[in-house]
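Notes follow once the structure below has been shown.
Both counts, for ligands and for their atoms, begin at 1 and track the order of listing.
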Amino acid sequence: MSIIIAGGGLAGAAAAAELSRAGVAVTLYERETEPKDKICGEFLSTEAQASLARIGFDVAALDGHLIDRLVFVRGGAEVETALPFTGLGITRKALDEALLKHAAACGAEIIRGQTIANVDDGNGISFDVAGVRLRPDRLFLATGKHELRGVKRIAPVLLDLVGFKMYFRLPAENQAALAHKIALILFADGYAGLQLVEGGMANLCLLTGRARLKQCQGKWPALLAQLCGESPYLAKSLQGAEEVLAQPLSIYRVPYGFIHRTGPNDSERIFRLGDQAAVIPSFTGDGMAIALHSAALAVACVAGGMGAVAYHRRLAKDVTGQIWRAGFLYRAASAHRMQAPVFALMRTFPASLRFAASHTRVPAASRLT
Ligand SMILES: Cc1cc2nc3c(=O)[nH]c(=O)nc-3n(C[C@H](O)[C@H](O)[C@H](O)COP(=O)(O)OP(=O)(O)OC[C@H]3O[C@@H](n4cnc5c(N)ncnc54)[C@H](O)[C@@H]3O)c2cc1C
């Protein structure tokens with residue numbers, strides 16, 4: 001059987017590694033020629049780490065920053081609690097590249113700098129790569145947020161938010177204050193996540209409304225200054241910090257809550273992986289775990305002779321609960337009139353933060369071992 005994977009992010013690379021380990025010939029096309037920064041909070045959850053270990057990937061070698069505490073911040077108030085699991089702060093540039101190398105070492109053919117376009121499922125799957133028409137038996141669609149003509153996601157955009165990510169070098173004392181923590185900072189129209197990654201750099205990843213961005217005339221320095229003005233915690237954490245990237249990375253119209261539902265026209269040969277299959281609100285830090293779970297499940301389904309429809313049904317069953325709960329929590333915490341009571345609840349009962357964190361993960365019973 002010939003399998004082609006479109007996209008060499010976490011989902012695509014993990015599937016390539018696992019198929020190759022099982023002796024299946026696979027070719028992966030990644031459109032970027034070299035490692036690149038990606039917009040992501042870069043919190044690698046414990047389930048994601050377990051999925052990587054399962055395919056023989058040594059995540060410890062990347063020297064990620066261990067995170068086991070959560071600070072929840074609103075205005076001048078904050079509540080801190082232990083997380084019910086241990087995450088790692090790792091740059092996507094390092095992680096995705098290392099996983100692609102791992103897939104190659106497992107035997108997958110990795111072709112970089114080639115974009116897959118125009119998928120046609122009319123008479124067997126076919127598509128163009130560099131002007132050549134390819135016709136594999138199976139296509140694993142792992143292009144993340146990028147849509148391919150012919151197989152676009154039908155993904156409603158419920159929250160019209162704009163996302164930004166910037167790395168900072170922090171003064172030693174700010175770095176020490178943030179060590180082993182992820183801070184989630186609530187604003188009236190969104191939130192920011194702040195944590196350390198390998199090498200002691202801080203990742204600030206935030207989502208905000210378009211109205212605020214317009215007010216700041218679309219300018220990053222003005223946006224950051226405004227957010228620091230509203231959050232003493234953020235201002236203190238970034239005091240004396242230096243920006244590492246020339247420009248922040250940005251994203252908009254993320255279809256949070258999207259889950260691919262099978263329909264009568266669904267192909268049995270096209271398997272959607274990662275963000276092409278399901279998108280969880282990013283504050284949970286579990287998008288990468290879903291991407292890796294989808295890869296493992298797709299490979300298991302192919303090995304078991306199952307088609308894409310059964311795979312998509314099973315994946316939806318595995319992740320719908322956590323995505324629904326994450327969406328509910330996000331709406332509750334972001335509705336302005338609800339923020340104060342939600343924050344007060346979390347402050348009075350820090351265990352509720354741990355409860356929320358544990359119930360927005362890929363369920364243990366669904367994970368493949
Ligand atoms: C603001 C924000 C913060 C987030 N924070 C976190 C977090 O802290 N923790 C977490 O676990 N998750 C987080 N996520 C979610 C996580 O980033 C995604 O769920 C994850 O990256 C999905 O992996 P993927 O492999 O599906 O896609 P991607 O990682 O996006 O990979 C897709 C790959 O496909 C390639 N590609 C695209 N089109 C083509 C084409 N036509 N041909 C060939 N190659 C192509 C791209 O270059 C890319 O390398 C966050 C998401 C957002 C938006």
Indicate, as side chain, backbone, both or neither, the part of [X] found under 4.0 angstrom from ligand 1 when only non-hydrogen atoms are considered.
| X | answer |
| --- | --- |
| K38 | side chain |
| A11 | both |
| M288 | both |
| Q276 | neither |
| A48 | neither |

Find all atoms of ligand 1 within a distance of less than 4.0 Å from any non-hydrogen atom belonging to F43, and give their numbers and elements.
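Once the distances to F43 are compared, the set is 7 (C), 8 (O), 9 (N), 10 (C), 11 (O).
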Within ligand 1, which atoms have a heavy atom of D286 less than 4.0 Å away?
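In order of numbering, the contacting atoms are 10 (C), 11 (O).
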Could you tell me whether [X] and ligand 1 have an N or O pair separated by under 3.5 Å?
| X | value |
| --- | --- |
| C205 | no |
| E42 | yes |
| R31 | yes |

Between R153 and F258, is NZ or CZ placed under 6.0 angstrom from the six-membered ring centre and within 45° of the ring axis?
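Here R153 passes the 6.0 Å and 45° test against F258.
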With a 4.0 Å cut-off on N to O distance, would you call R361 and E47 a salt bridge?
yes
